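Since the structure is predicted, the reported quantities are computational estimates derived from the model, not experimental observations.
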Amino acid sequence: MAEETPESSGTSLLHNSAATASKPRHFLKDVVFHGKFQLLNSLAPEENTQCQHGLYFQDGERRVDYILTYHIKKPSSSRSNRQSSRFTDNAFTRSLRRGTARLGRPPPPQPRGVPEVASQDHSMDYHEDDKRYRREEFEGNLRDMGLELEKDEDTKTPGVGFVKIHAPWHVLCREAEFMKLKMPTKKVYEVKQCSGVGAKINTLVNKATEPLHPNVEENRAQNVKHLSYAFSREKQHLFDLSDRDSFFDSKTRASIVFEVLKRTKCTKAKYSMGITSLLGSGVYTAAYPLHDGDVDGENVEPNDRKLLYEEWASYSVFYKYQPIGLVRKYFGEKIGLYFAWLGLYTQMLIPASVVGVIVFLYGCATVDNNIPSMEICHPRNNITMCPLCDRACNYWKLKEACGTARASHLFDNPATVFFSIFMALWAAMFMEHWKRRQMRLNYEWDLTGFEEEEDHPRAEYELCVMQKSLKKEHKTQKPTEIAEEPTNKWKQTVQSAMAGLKLTEKEKLTCRDRLPAYMTNIVMMLLMIGVTFAIVFGVILYRISITAALHMSNNPTTRSNVRLMVKTTAAIINLVVILILDEVYGAVARWLTVLEVPKTDKSFEERLIFKTFILKFVNAFTPIIYIAFFRGRLVGRPGSYLYVFESYRMEECAHGGCLMELCIQLSITMLGKQLIQNNLFEIGIPKLKKLIRYIKSKRRSFQEEEREKKLQRYETDHFLEPFAGLTPEYMEMIIQFGFVTLFVASFPLAPLFALLNNIIEIRLDAKKFVAELRRPVAARAKDIGIWYNLLRGVAKVAVIINAFVISFTSDFIPRLVYQYMYSPDGSMHGFVNHTMSYFNVSDFQDGKEPMDPHHLGYQVEMCRYKDYREPPWSNTPYVVSKEFWAVLAARLAFVIVFQNVVMLMSDIVDWLIPDIPKDISLQIHKEKILMVELFMKEEQGKMQFIDSMTPCDGKERNNHAPIARSRSIPHTHSHTHANNF
């Protein structure tokens, strides 16, 4: 088949600009500015039906594997003639431009019609011509690599040109061999099934869960499996190549083309530029593979995308398992692993949610039998408490804290200790279960022998290395050479380019080169963490000042609900700040990572993930950590309180402890992030856009609808959002995992809310990937990478934090100490009185006593406050008592015992559960044996063929040749077996 040149294709297509001008030019304006996105789906089909709406080249045979888009200048009235003449000049001027481009010099100026317009458009035309020359060179290099290209500038999307790329069979085979893609061979073997009791149990489970499985072929258990082997052009006879069009699916073809694009360079510019640099500099505006087809509409042909939309991305199938096999087939292993991990995490939340609800119901059932709360709420309770703030606050009765004490028991009871231990073991079980699930997917997806190779250097890294090389080359150049005026500019350009290329091969960015970036990273990270601490401190000052202000209110209802109002409003303020800083910190983390100039995309992604995780983790959990471990402990005592700025008294916890306030802060933050950040932004905004599009569509005339024609597939995908990576999706779930595990002792309902959110999140993400995003390039991966290490880290930290929450935030340890050391009858009677100390009101500092000392109707001489201190009549008044040290020792002992016991139990779970399921280990071993047998049979066939071709009379004479050949061939295969093993 004849291959058209870029000039001829561009000329033939751009000659139709006059025809394009006669068509409606407001389509892009309507779509972008007026929200008429329904035009992308509701327009009627046009010509070229054999191309299946943009999935094939104009010949209807070659499939479009990848798309590059670029900007086309809109023809204006003053330059339309010049633009048309620019593409219809003769072959001599085109060859002259190509020659000057090869020499590295700018092309000769084109003739201008009007001098004034020419001077205005000179800069713009120069940049556009430069981009066009770079495109021509890059596309020429792609053709040299074997790819087939077809341009389309006569589209219904004004201002956008499309380059359709097709990889022929020989390119697919070559690149598949380079990438070591495992492909199914003709050899089929039976997958060993369970026998005996295990088989019966599996049969019953499969029958019970049959309604939960999606109607997808890839999701059904297969009794046979194709033996897979790394593709090789020399061993094509091992593979079933009867249908070459379907041997490499669309996902694999796109990844192969993308590999070629990354390897192809544009070298005629000052710096070597790859596809990333060309996209960044605007030479190309987008690069993406195509979706397989439409997801809805009349007469839509069946395709994997439509099947995913119906069986995966629909909310009506929320109760079903995910078709992970089909997700992997369409999007690749990396995205498939994410949704497999998310699905397993959601399934594991079910038992955690059930146990959490049981713990909460236990608290509800035992609240009426809780002796400490009964003592606080008793009508005869006549304990007078010290004021909660200076001057504005009055004395109050302990029974006023009845509601808070009863509510605290819902989350502060012996069952929460059991739940903390359970959740630590649950996290260990989840990690082990995921490792086993991951190994099973590696076997099913033929990734058992996959090893990630070093990725191509990023364009930014190559640019920095090139700049460093040229600076070094310029410094080493002799002064006489610098002073000399070169007589041959072409020779100078070639020499400098070759010198830069050689230096680039040797040079690399060292720690010394990155030192300014590292210092900037450290300073900015500390600054951002400091900003978080400052905002938390500001919220503390808000709570202190608002508490004092509300206590001065004349409304008795306001004064009685001061604590609830302050807690709730402060938690909402913290939530709003967290949501805002999340977006800011994400941008800052990306900027800091760009400054470091990582070499590869994998290194860039890992550094970005680490910075983003640190900043967002600190942002989300700093307010919660303050309430759990610092609030109420830096207060002082009546008569000697601790002040901030000499006027703000540090806030205290309620009599029931800070656990209730911790629960309020945790629930509002978790639910707010899930409802607002995760679901409202991802569901509400698209729904609002859809409503706007519907309203706009009412204003469109019937004639306009008739004039507009259906877009091609590559034009429709152009209007979709580009894929931005999985980092936001993983980060969202990791922060949620922190909410579920870190402070679960104070909020046992956290797993339930996480489960409900994830049920929606799975279908929401699925719909986004299938219908709202451009198709991402399939990436191979055998694990979830750095995210697994972050999960393990959060699970380990969760054990320590829950130990401190139970020990220091709740009253669990003080209750145990009182019951077994100080209670006269071994019960909890008298516990409330035991935890409170006495204060003589005459010891108040001047100006700190209440303004209305007779608020309760009588003169107060002694008030009580929660602390372990000596009474004012002792020899050492207001000094911490021995009970304080006894409780502190018990708390520290509990932390040590709890942490070591739970971690030991987690390690035992880790040790008992093997990382690789036994059946998968046997199947992998069986595959290796079958592969050896396959190659042994091939060797025997070769030997028989050689023996049959050798003449009988020359057997003695050529005796050594077959032996040498027979020795060399097995040596090659033994090397192959070694690689596989």
Got a sec, which residues hit side chain to side chain contact (heavy atoms under 4.5 Å, CB included) with Pro872, two or more places apart in sequence or on another chain?
Tyr838, Asn840, Met862, Tyr878

Do Met660 and Gln665 have side-chain heavy atoms sitting under 4.5 Å apart?
no

Non-hydrogen atoms of Cys386 and Trp396 that approach each other most closely:
O-NE1, 2.9 Å

Decide whether Asn370 and Arg406 meet the rule of one side-chain donor and one side-chain acceptor closer than 3.5 Å.
no

Closer than 4.0 angstrom, basic N to acidic O: yes or no for Arg815 and Asp412?
yes

Working to the nearest 0.5 angstrom, can you tell me the gap between Thr809 OG1 and Phe411 CZ?
14.5 Å

Taking all non-hydrogen atoms of both residues into account, name the closest pair between Pro372 and Val832 and its distance.
O-CG2, 3.5 Å

Nearest heavy atoms of Thr741 and Asn802, plus distance in Å:
O-ND2, 2.7 Å

Side chain to side chain contact (heavy atoms under 4.5 Å, CB included) with Leu888: which residues, sequence neighbours excluded?
Phe808, Phe884, Trp885, Leu892

Does any non-hydrogen side-chain atom of Phe419 lie less than 4.5 Å from one of Pro748?
yes

Indicate whether the side chain of Thr416 and that of Tyr362 have a donor and an acceptor atom separated by less than 3.5 Å.
no

Just checking, any donor-acceptor pair under 3.5 angstrom between side chains of His829 and Ser823?
no

Of all residues at least two apart in sequence or in a different chain, which pass the side chain to side chain contact (heavy atoms under 4.5 Å, CB included) check with Leu541?
Phe537, Val644, Phe645, Tyr648

Should Tyr643 and Ile544 count as side-chain neighbours, where that means a heavy-atom distance under 4.5 Å?
no

Rounding to 0.5 Å, atoms OG1 (Thr669) and CZ (Phe743) come to a distance of 10.5 Å

Going by the side-chain hydrogen bond (donor to acceptor under 3.5 Å, both in side chains) test, which pairs reach into residues 886-908, not counting sequence neighbours?
none

Applied to residues 798-832, the disulfide bond (SG atoms under 2.5 Å apart) test, sequence neighbours excluded, yields none

Contacts of Lys399 that satisfy side chain to side chain contact (heavy atoms under 4.5 Å, CB included) - sequence neighbours left out:
Asn381, Lys397

Does any non-hydrogen side-chain atom of Leu388 lie less than 4.5 Å from one of Thr547?
no

Got Arg436 and Pro914 here, is their nearest side-chain heavy-atom distance under 4.5 Å?
yes

State, with a plain yes or no, whether a side-chain heavy atom of Val740 is found less than 4.5 Å away from one of Met423.
yes

Any side-chain donor-acceptor pair under 3.5 Å between Gln736 and Asn758?
yes

Would you say the side chain of His855 lies within less than 4.5 Å of the side chain of Tyr395, judging by non-hydrogen atoms?
no

Can Tyr585 and Thr532 be counted as having a side-chain donor-acceptor contact under 3.5 angstrom?
yes

Inter-residue atom distance Ile540.CD1 - Ile627.CD1, 0.5 Å rounding:
8.5 Å

Heavy atoms, side chains only, cut-off 4.5 Å: are Leu791 and Trp341 in contact?
yes

